[in-house]
Amino acid sequence: MARIASAVRPGLSRAVGVVRPRVAGAVAAARPRVARSARAMAPRPAWITGPRTWQYTAGAATAGLALAAGLVTVTGPWDSSGQRTAEADRAAALERTGGADHGPGTAAGAPRPAPSAGAVLAGLGGAAGAVRTAPDDKALADVLDPLLADPALGTRRAASVVDVATGRRLYGRDAGRALVPASTTKIATAVAALSALGPGHRLTTRTVLEPDTGELVLVGGGDPTLTAREDADGLASLRTLADRTAAALKKRGVREATLSYDTTLYPGSQKHPIGVNDNLAPLTPLMADEARTDDSTSGPAPRLSDPAAAATRAFAGFLADHGIRTTAPGPSKATDRARPLAAVSSPPLAALVERMLTHSDNDIAEALARQTALAAGERADFDGVATAVAAQLRKLGAPLAGSAFHDGSGLDRADRLTAGLLTHLLATAGDPARPGLRPVLTGLPVAGFTGTLTSRYTDGAAGLVRAKTGTLTGVNALAGTVVDQDGRLLAFAFLASDTTDPAAAQAALDRTATALAACGCR
């Protein structure tokens with residue numbers, strides 16, 4: 001392993017050197033368009049908390065997947081010269097060179113761009129002909145086979161590597177073997193939700209007034225990012241909804257009301273098969289701040305046992321601030337006769353998908369799976385989710401043999417996916433003909449910088465790998481994209497079961513993905 005790691009490092013250095021000149025050209029060409037796009041987007045609120053990445057529109061060049069810099073839709077966080085600001089900030093925090101200033105007129109000795117900026121832009125950008133052919137299958141196998149033989153990866157493992165430009169599989173090791181995918185399931189959830197609903201779809205929480213009884217009903221629309229915090233930061237705000245509702249009630253001369261909440265959008269049990277768990281709130285279409293009992297916005301946290309009731313009590317308090325008195329809330333169902341009062345909507349689905357993937361957000365994953373079921377006319381329960389997600393992926397021609405969907409998050413150990421299915425979905429998300437699926441790629445954590453990969457790849461491959469992690473007891477997985485040494489965009493999936501040391505298994509997966517980044521493989 002030590003010899004393999006040593007062999008990989010020079011390749012990474014060469015990869016960065018190869019791509020840096022192409023980045024400079026792409027950035028210079030893109031600067032006027034980036035500035036215009038940034039001005040056009042200035043009035044829009046932030047979509048999500050935490051770092052976000054570019055949403056990009058792919059175009060196929062004859063030698064590989066090309067993303068013309070001028071066609072990039074700027075949604076942050078990049079500065080006007082193309083540097084990922086989150087990566088620049090992290091480089092500065094770690095006191096590493098890179099990222100502070102790399103535009104025209106950079107003084108001698110000033111920090112150079114962070115290496116990851118070069119790899120990302122070259123692999124997804126670059127002129128036609130700048131990207132060479134895909135790696136040779138045998139040469140790639142020579143690199144990956146010994147890495148995937150690492151005992152740290154347990155007794156069962158599967159792998160697949162696909163050329164995104166052509167969809168051709170370059171490497172497979174039991175690629176059709178169905179294993180427990182853990183959180184890489186969220187890739188399938190994301191593709192299914194975007195396919196069923198579209199990237200611009202929003203989830204709406206609303207209030208209605210029953211004409212006969214005067215009952216005020218808070219109706220859950222399935223938005224897990226609804227927030228009761230004072231600073232909504234671009235999310236749908238329960239405070240804003242209370243403000244609008246109070247104004248609508250006052251226009252009707254209403255100052256007191258019976259308050260109820262409607263969670264009937266999701267039938268069946270609110271309990272996930274894993275039971276009560278800090279990784280997931282009870283499954284309800286009405287909650288505020290993912291029912292967290294602390295100030296966290298991602299990761300495990302203690303959850304409220306009745307999120308809908310708690311959110312409605314908070315809503316009642318906000319109404320009281322506006323002079324509207326209400327009764328203690330209870331469950332109900334809004335009738336067809338109810339008159340609409342006010343509504344607030346989530347960020348677009350594209351942003352929710354990105355947040356879900358970056359932070360491996362289980363609450364968003366389960367919500368999007370249920371929204372997929374509703375869009376397909378299925379019940380928004382676990383059975384409906386399984387049917388709807390599989391149906392959406394089948395429409396995309398995905399190889400579903402052996403797959404089994406039991407939830408949207410991957411927390412259920414009964415889930416089964418294949419490495420071949422995951423790489424198919426990633427390559428499909430990079431298809432220029434399917435721009436609506438692009439958030440599946442832009443939401444992947446960036447090695448060493450964002451989300452669940454923030455603390456990984458600290459030994460030289462930071463920024464060169466974008467991937468969704470998957471971890472359960474005895475299960476470790478990694479699936480995403482990487483730009484190889486020749487600038488070719490590759491999709492990969494590595495699944496490992498019966499692992500006994502999660503840290504060692506993660507390190508083995510990271511070494512394997514790093515080898516792809518360093519690979520010319522000819």
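The first residue of the sequence shown is numbered 1, and numbering continues consecutively from there.
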Is there a donor-acceptor pair closer than 3.5 Å between any side-chain N or O of [X] and the backbone N or O of [Y]?
{"X": "T185", "Y": "P181", "value": "no"}
{"X": "D289", "Y": "A291", "value": "no"}
{"X": "R413", "Y": "G410", "value": "no"}
{"X": "E210", "Y": "A334", "value": "no"}
{"X": "R438", "Y": "D431", "value": "yes"}
{"X": "E366", "Y": "S409", "value": "yes"}
{"X": "T387", "Y": "G384", "value": "no"}
{"X": "T454", "Y": "G448", "value": "no"}
{"X": "D415", "Y": "H406", "value": "yes"}
{"X": "N277", "Y": "L280", "value": "no"}

Can you give me the closest heavy-atom contact between [X] and [Y], atom names plus distance?
{"X": "F382", "Y": "P273", "value": "CZ-CD, 3.7 Å"}
{"X": "A404", "Y": "A414", "value": "CB-O, 4.2 Å"}
{"X": "S237", "Y": "A232", "value": "CB-CB, 3.9 Å"}
{"X": "A351", "Y": "P347", "value": "CB-CB, 4.0 Å"}
{"X": "A188", "Y": "V389", "value": "O-CG1, 4.4 Å"}
{"X": "A365", "Y": "M356", "value": "CA-SD, 3.4 Å"}

Taking [X] as the fixed residue, which of [options] is the one that meets the side-chain contact (heavy atoms from CB on, under 4.5 Å) rule?
{"X": "T469", "options": "T452, L357, L444", "result": "T452"}
{"X": "L319", "options": "L218, T207, T245", "result": "T245"}
{"X": "E290", "options": "D363, T227, T297", "result": "D363"}

Note to self: Could you walk me through whether H272 and D412 satisfy the side-chain hydrogen bond (donor to acceptor under 3.5 Å, both in side chains) test, starting with their C-alpha distance in whole Å, then the side-chain angles of each, then the deciding distance to 0.1 Å, before giving a yes or no?
What the structure shows: CA-CA 8 Å; H272 190 281; D412 195 327; 5.3 Å; no
Can you measure from [atom1] ([X]) to [atom2] ([Y]) and round to the nearest 0.5 angstrom?
{"X": "E354", "Y": "H359", "atom1": "CD", "atom2": "NE2", "result": "10.5 Å"}
{"X": "D306", "Y": "R313", "atom1": "CG", "atom2": "CZ", "result": "7.0 Å"}
{"X": "L226", "Y": "L241", "atom1": "CG", "atom2": "CG", "result": "7.5 Å"}
{"X": "R239", "Y": "D321", "atom1": "CZ", "atom2": "CG", "result": "8.0 Å"}
{"X": "S195", "Y": "K395", "atom1": "OG", "atom2": "NZ", "result": "9.0 Å"}
{"X": "R337", "Y": "T213", "atom1": "CZ", "atom2": "OG1", "result": "8.5 Å"}

Note, [X] side chain near [Y] side chain (heavy atom, < 4.5 Å):
{"X": "R252", "Y": "L209", "result": "yes"}
{"X": "V219", "Y": "Y261", "result": "no"}
{"X": "T481", "Y": "L490", "result": "no"}
{"X": "P285", "Y": "T263", "result": "yes"}
{"X": "R202", "Y": "S346", "result": "yes"}
{"X": "L422", "Y": "L495", "result": "yes"}
{"X": "D407", "Y": "V385", "result": "no"}
{"X": "L265", "Y": "L374", "result": "yes"}

Check: For V191 and T428, what are the C-alpha separation, side-chain angles and deciding distance, and is it a side chain to side chain contact (heavy atoms under 4.5 Å, CB included)?
Finding: CA-CA 9 Å; V191 171; T428 300; 5.6 Å; no
Notebook entry, point to check: Should D262 and S332 be marked as a side-chain hydrogen bond (donor to acceptor under 3.5 Å, both in side chains) after you check the CA-CA gap, both sets of side-chain angles, and the distance that decides it?
Noted result: CA-CA 5 Å; D262 183 347; S332 184; over 6 Å; no
Note to self: Under 4.0 Å between a side-chain nitrogen and a carboxylate oxygen: does that hold for D361 and K186?
What the structure shows: no
Checklist line | Presence of salt bridge, D278 and R303, under 4.0 angstrom | finding: no
Taking [atom1] in [X] as the centre, count heavy atoms belonging to other residues, nucleotides or ligands within less than 6.0 Å. Is the count above 12?
{"X": "R292", "atom1": "CZ", "value": "yes"}
{"X": "D295", "atom1": "CG", "value": "no"}
{"X": "K271", "atom1": "NZ", "value": "no"}

Check: Is the closest side-chain donor-acceptor distance between S183 and S360 under 3.5 Å?
Finding: yes
Notebook entry, point to check: Does a donor on one side chain sit under 3.5 Å from an acceptor on the other, for E215 and S260?
Noted result: yes
Next item on the list: Go through D163 and T166 one step at a time and tell me if the side-chain hydrogen bond (donor to acceptor under 3.5 Å, both in side chains) criterion holds.
Entry: CA-CA 6 Å; D163 177 18; T166 63; 3.0 Å; yes
Checklist line | Derivation and outcome, side chain to side chain contact (heavy atoms under 4.5 Å, CB included), residues F492 and L478 | finding: CA-CA 8 Å; F492 67 88; L478 192 68; 3.9 Å; yes
Margin query: I'd like to know whether Q392 forms a side-chain hydrogen bond (donor to acceptor under 3.5 Å, both in side chains) with T372, so could you lay out the CA-CA distance, the side-chain angles of the two residues, the decisive distance to 0.1 Å, and finally the verdict.
Written below: CA-CA 9 Å; Q392 286 297 325; T372 302; over 6 Å; no
Check: Does the pair L421 and L400 meet the rule for a side chain to side chain contact (heavy atoms under 4.5 Å, CB included), with working shown?
Finding: CA-CA 7 Å; L421 171 60; L400 296 180; 3.9 Å; yes
Notebook entry, point to check: Between D231 and R229, does a side chain to side chain contact (heavy atoms under 4.5 Å, CB included) hold up when you go through it step by step?
Noted result: CA-CA 5 Å; D231 182 6; R229 296 184 172 120; 5.7 Å; no
Next item on the list: Cation-pi check, R466 to F449: give yes when NZ or CZ is under 6.0 Å from the six-membered ring centre and within 45° of the ring axis, no otherwise.
Entry: no
